[in-house]
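Working notes, beginning with the structure itself.
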Amino acid sequence: MPADKSPRFPAVPPGRPAWEAADGKPLPYTRWPTRDADVAKKPSCVFICVHGLSGAASDFWALGKYFGEKRDAVVYAMELRGQGNDPDKRKQGDIRSASVWIDDLYSFTDQVKARHPGVPVFWYGESMGALIALQALADSTHRSAECPPIEGLILASPLTAIRQMPPAWKVVIVRTLMRVAPCARISLESLGDRSVREQHVTSTTTHKEQMEKTPHYVETFTFRLFREVERLVRTSSQAGSAIGSPLLVFYTANDVFTSKEQVESFVENAGTADKVKVFFPDSYHLILHDKDRDRLLVQLEHWTHERGVKFRAAR
C-alpha cells in the first residue's frame, strides 16, 4: 500500500508502514504480524480495526497478538486522520466531515483486500470507531460495488447514545458554536463535565490517568469535529437498522459514555437477524485493556469460527 510522496502532505514518521488515502494523503497504520515473512499466504481472515476519539492503532495490540501472532489471521489497525497520530499536526483534533473517515475506511479496506484476495474481512470498531464502522456498513449500498464489503461487524463499547448529556444551556452554546465557529477548539472535559477526567475507563485507571500516559492524546478538538461525532451518535440507531451483515457487540455496565440499556436497545433494533451481544459486568469502557480482555478474545474467536473462519496456529 504505497504512500504518496507529494510535498503537500506531511510524511509518515520513519519506520511506520503507510497507505495512501483517496486524496493522496499518506496515513500510518499498524499490522500484526509486523513482519511480512510471518503473514500467512492465505490468512484465515482479516480484521480491520478503527480506534476511538484520541485513540490510536496501538490500542489493538491485544487483538493483534492473539489473532495475528498466535493464529494465522492478519490484524490491521488504522490511524484516523484528525487524531493524535495524524502526520499533519495542524489537523490533529479536527475533521471536516465524518464522511472523510468513512471514505478512508473504504479505501483502506479496498487496499487490504487487494493484498489478501478472497480472504474474509471483519471490521472491529471501538467507541467512536464503532460508529464510523457502523455508518460505513450502513452506507455500503451507496459506496461500494461489492455489497456488503465485509463478512461481519464487531462493535466494542459503541457510542450509540450518551449516558448523561451536558446541561441544556451548555448544549445550546456548543451547538451554536458548531455553526458559527466550527474551527474553534475545546477540550473533551470542557465540553461535558470535568468529573469525566476522574471517571474510570478501565478497572484500574481513570480517563485522566489513561490520557496522561498516551503520547497520542489530543488536548483540544474543533467544534466541527464534535458536530460530526454528535451526528454519528444521533444517526447510529438508523444506521443499525440498515445493516444486514453479522453483528457482534461487546459492552459493559460501567461504560462512562453509554449505558448498558442504551446499547441493548441499539442491538434489539439492529436490522440484521444475525446479531450477538456479549456483556462484561466487571469491565469499563476500554474492554481490551481491562480484566475481561481474555474473555473478549475467546468470544471473538468463537463468533468468527461459527461464521466459517477456521483458524490455524501461526507458523
Side-chain angles (χ1 to χ4, degrees), residues 1 19 21-22 29 31 42-52 60 63 67-68 73-78 80 97-160 231-251 263 266-278 299-311:
M1 295 187 285
W19 68 284
Y29 69 93
R31 187 196 67 193
K42 185 77 170 182
S44 55
C45 73
V46 167
F47 295 100
I48 296 177
C49 303
V50 190
H51 65 74
F60 299 101
L63 202 73
F67 289 102
V74 185
V75 178
Y76 290 87
M78 305 170 60
L80 292 177
S97 169
S99 64
V100 178
W101 285 328
I102 295 169
D103 288 340
D104 283 349
L105 177 55
Y106 268 91
S107 295
F108 187 73
T109 300
D110 287 344
Q111 293 181 40
V112 168
K113 283 187 169 187
R115 182 178 285 186
H116 306 287
V119 175
V121 174
F122 297 87
W123 284 341
Y124 185 114
E126 180 182 77
S127 190
M128 183 188 76
L131 299 183
I132 295 169
L134 171 66
Q135 189 63 58
L137 185 57
D139 289 354
S140 61
T141 54
H142 308 293
R143 290 176 170 266
S144 177
E146 180 184 359
C147 183
I150 56 170
E151 276 62 45
L153 178 65
I154 303 111
L155 307 179
S157 301
L159 194 64
T160 56
R231 185 175 299 162
L232 288 172
V233 175
R234 190 174 65 250
T235 60
S236 61
S237 293
Q238 180 181 353
S241 66
I243 65 173
S245 299
L247 173 67
L248 173 62
V249 178
F250 296 127
Y251 68 115
V263 175
F266 165 80
V267 175
E268 181 179 353
N269 293 308
T272 177
D274 184 354
K275 50 189 174 184
V276 175
K277 62 181 188 290
V278 181
Q299 290 285 340
L300 178 54
E301 182 175 13
H302 288 169
W303 182 81
T304 48
H305 180 80
E306 288 172 354
R307 281 146 192 86
V309 176
K310 308 300 182 185
F311 292 105

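Along the sequence shown, residues are numbered consecutively beginning with 1. Computed from heavy atoms alone, side chains included, the values below leave out hydrogens, waters and symmetry copies.
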For the backbone of [Y] and the side chain of [X], can you confirm whether one donor and one acceptor N or O come within less than 3.5 Å of each other?
{"X": "H305", "Y": "F311", "value": "no"}
{"X": "S107", "Y": "D104", "value": "no"}
{"X": "K277", "Y": "V267", "value": "no"}
{"X": "K42", "Y": "P117", "value": "yes"}
{"X": "Y76", "Y": "V46", "value": "no"}

### Message
By the definition side chain to side chain contact (heavy atoms under 4.5 Å, CB included), identify the one residue from D274, L153, I154 that meets it with L248.
### Response
I154

## Note on the structure
Tested for side chain to side chain contact (heavy atoms under 4.5 Å, CB included) against Y251, the lone hit among L155, T160, V263 is V263

Gap separating the [atom1] atom of [X] from the [atom2] atom of [Y], nearest 0.5 angstrom:
{"X": "S44", "Y": "H116", "atom1": "OG", "atom2": "NE2", "value": "11.0 Å"}
{"X": "S241", "Y": "F266", "atom1": "OG", "atom2": "CZ", "value": "9.0 Å"}
{"X": "S99", "Y": "I132", "atom1": "OG", "atom2": "CD1", "value": "11.0 Å"}
{"X": "S97", "Y": "I102", "atom1": "OG", "atom2": "CD1", "value": "7.5 Å"}
{"X": "L131", "Y": "W101", "atom1": "CG", "atom2": "CH2", "value": "9.5 Å"}
{"X": "L80", "Y": "Y29", "atom1": "CG", "atom2": "OH", "value": "16.0 Å"}

### Task
Assess whether side-chain contact (heavy atoms from CB on, under 4.5 Å) is satisfied between E151 and V121, documenting all intermediate values.
CA-CA 6 Å; E151 276 62 45; V121 174; 4.1 Å; yes

Is the shortest heavy-atom distance from the side chain of [X] to the side chain of [Y] under 4.5 Å?
{"X": "N269", "Y": "S237", "result": "no"}
{"X": "V74", "Y": "R31", "result": "yes"}
{"X": "L300", "Y": "L63", "result": "yes"}

### Message
Applying the ring-ring contact (aromatic ring centres under 6.0 Å, His included) criterion to F47, which one of F60, F67, Y124 satisfies it?
### Response
F67

Shortest non-hydrogen contact between [X] and [Y], atoms and distance:
{"X": "P149", "Y": "L137", "value": "CD-CD1, 4.0 Å"}
{"X": "L247", "Y": "A270", "value": "CD2-CB, 3.9 Å"}
{"X": "P43", "Y": "V119", "value": "O-CG1, 3.6 Å"}
{"X": "S236", "Y": "L134", "value": "O-CD2, 3.6 Å"}

### Message
Ring centroids only, cut at 6.0 angstrom: are F250 and W303 within range, meaning strictly under it?
### Response
no

### Message
Between T109 and W123, do the side chains contain a donor N or O and an acceptor N or O under 3.5 Å apart?
### Response
yes

